[in-house]
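Naming convention: chains lettered A, B, ... in sequence-line order (proteins, then strands); numbering from 1 in each chain. Values in this document were obtained by computation on a predicted structure and should not be read as measured data.
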Number of protein chains: 2
Amino acid sequence: MVRNSEDTKKRILKAANGLFYAEGIRAVSVDAIAAKAGLTKKTLYYHFQSKDDLVAEYLMSRDQPNLDAMRKWFDEQEGSIADKVYAIFDGVVQSSQHPKWRGCGFLRTAGELANMPGHPAIKAGAAHKKRFETWLTEVFKDQKLNDAPSLARQVVLLLDGSFAVMMVHHDSAYIEAAGRAAKQLVEASLKNKKRK
Amino acid sequence: MVRNSEDTKKRILKAANGLFYAEGIRAVSVDAIAAKAGLTKKTLYYHFQSKDDLVAEYLMSRDQPNLDAMRKWFDEQEGSIADKVYAIFDGVVQSSQHPKWRGCGFLRTAGELANMPGHPAIKAGAAHKKRFETWLTEVFKDQKLNDAPSLARQVVLLLDGSFAVMMVHHDSAYIEAAGRAAKQLVEASLKNKKRK
DNA sequence: TTATGTATACTCATCAGTGAGTTTCCTTTT
DNA sequence: AAAAGGAAACTCACTGATGAGTATACATAA
């Protein structure tokens with residue numbers, strides 16, 4: 001028995017993470033999370049106010065790691081910005097091969113809780129997506145692309161489009177197609193810049 | 001009391017439609033649907049095998065109407081193909097203004113049932129999305145665009161990207177941005193064709 | 001009078017959340 | 001330095017509500 005608040009909370013969050021991502025929010029009971037974390041429901045409720053609270057913390061805990069993964073794929077790719085943007089999509093393709101992959105947890109959660117606007121989990125998802133878009137905008141600005149915000153937004157739409165389509169088709173060719181479209185849009189912007 | 005099987009089934013489906021779309025699949029009980037349809041649960045189970053069956057029929061019933069709406073927006077728009085494609089996104093923008101709008105029911109359902117691959121509702125969603133992509137491919141082929149399938153796929157990704165992003169941001173500017181990207185890609189393809 | 005359609009009233013499982021009590025550990029008092 | 005007190009971290013067993021699905025019986029139209 002570990003009587004360590006921080007550690008216990010992390011254990012609960014880890015269990016919640018695994019179950020919520022794999023099964024969905026409403027499909028997972030608090031009992032199941034407590035069981036997976038190896039403690040009782042009452043203990044779970046000692047650390048979290050409610051299931052909704054737990055859901056929100058689950059998504060907040062995914063913000064940084066997800067962002068880091070995207071940035072890593074981008075940074076480690078050699079070549080032009082367009083190539084680096086494509087590398088993000090390629091990273092998603094690789095991830096999607098994993099049998100446990102279930103798409104974007106932020107989007108799936110927001111979709112499931114669409115009848116609860118203002119739910120803290122949806123806000124967490126919005127914040128995460130915004131952070132990604134902002135980062136990408138900065139990247140494009142650093143390259144002196146004059147339409148950086150709108151270009152970043154288009155790439156975001158293609159990326160989230162990949163996640164959406166994958167939920168129905170489970171065919172990574174769609175992610176690659178999105179990546180090529182993104183690359184094409186970035187290249188068009190690069191060409192436009194040089195013309196100035 | 002209406003003793004008309006077809007009529008009763010339609011009434012149940014209509015009630016299911018309203019509730020599933022508004023609240024989500026697992027958030028809606030069979031009791032609630034029966035109540036909204038003005039009959040008992042047993043009657044509902046006389047007409048549908050199970051809740052899963054009802055979910056699948058709900059989505060199948062949305063296939064044609066959704067497709068028709070998209071085609072209407074496209075057909076009624078004057079101008080180039082690029083303009084007509086943009087009109088689809090504009091149609092979604094208009095729809096999204098409605099307070100009852102909750103995005104794409106196919107995607108939200110697929111996301112919620114991501115832990116049940118092969119669920120008939122997901123297959124219904126996949127079939128619907130495929131039909132739309134196929135239609136768009138034909139449209140582009142009719143215009144003698146040489147990359148019709150990949151162009152159609154890119155537009156699909158942007159459209160579903162709009163639905164996905166709207167779930168978190170509720171900001172129709174994203175749909176417009178997707179529409180502009182789609183238009184740009186179609187225009188690039190048109191230019192490429194003329195060059196041949 | 002037999003098929004079809006509908007209702008009442010149930011089963012049993014599971015849900016989110018809690019009441020009441022227990023163990024552990026740290027601090028303060030003696 | 002030992003005992004006492006109290007807060008923090010935990011468990012067991014429960015509540016009341018609701019979930020999907022059903023057994024049985026009645027009604028109506030052919």
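- C/dA3 shows a glycosidic angle within 90° of 0 and is accordingly assigned syn.
- B/Tyr86 and B/Ile88 sit in two unconnected hydrophobic clusters of ILVMFWY residues. Membership requires side-chain heavy atoms under 4.5 Å apart, directly or through other members.
- Distances from the side chain of A/Ser50 to the nucleotides C/dG17, D/dT11, D/dG21 place C/dG17 closest.
- Both B/Lys41 and A/Ser29 lie near DNA chain C, and the one whose nearest nucleotide falls closer to the 5' end is B/Lys41.
- You'll find that the side chain of B/Thr40 is closest to C/dA7, out of C/dA7, D/dG21, C/dA16.
- A straight line from CG of A/Asp31 to P of C/dT14 spans 10 Å, rounded to a whole angstrom.
- Annotation: A/Lys130, atom NZ; neighbour count of heavy atoms from other residues, nucleotides and ligands within 6.0 Å is above 12.
- Distances were taken from every side-chain heavy atom of A/Tyr46 (C-beta onward) to each of D/dA8, D/dT22, C/dA7; the shortest belongs to D/dA8.
- Atom P of nucleotide D/dG19 and atom CD of B/Glu23 are separated by 12 Å, given to the nearest angstrom.
- With B/Phe48 as the aromatic partner, B/Lys9 meets the cation-pi criteria of under 6.0 angstrom to the ring centre and within 45 degrees of the ring axis.
- Base pairing analysis places D/dG16 opposite C/dC15; the two distances defining the Watson-Crick or G-U wobble pair are each below 3.5 Å.
- Across all strands shown, D/dA25 is found opposite C/dT6 as a Watson-Crick or G-U wobble partner, with both distances under 3.5 Å.
- Under the 30°/60° scheme for interplanar angles, the aromatic rings of B/Phe20 and B/Tyr58 are found to be tilted.
- With D/dT22, D/dC10, C/dA7 as the candidates, the nucleotide lying closest to the side chain of B/Leu39 is C/dA7.
- As rounded to whole Å, 16 Å separates atom C1' of C/dT14 from atom CZ of A/Arg26.
- Residue B/Thr43 has no polar side-chain atom (N or O) positioned under 4.0 Å from OP1 or OP2 of C/dG5.
- In this structure, the side chains of B/Leu159 and B/Phe132 come closer than 4.5 Å at one or more pairs of heavy atoms.
- Atoms CG (B/Leu44) and P (C/dG5) sit 14 Å apart, rounded to a whole Å.
- The phosphate of C/dT4 (OP1 or OP2) has no side-chain N or O of B/His47 nearer than 4.0 angstrom.
- Donor-acceptor pairing under 3.5 Å, judged by distance alone, is present between the side chain of A/Lys42 and the base of C/dG19.
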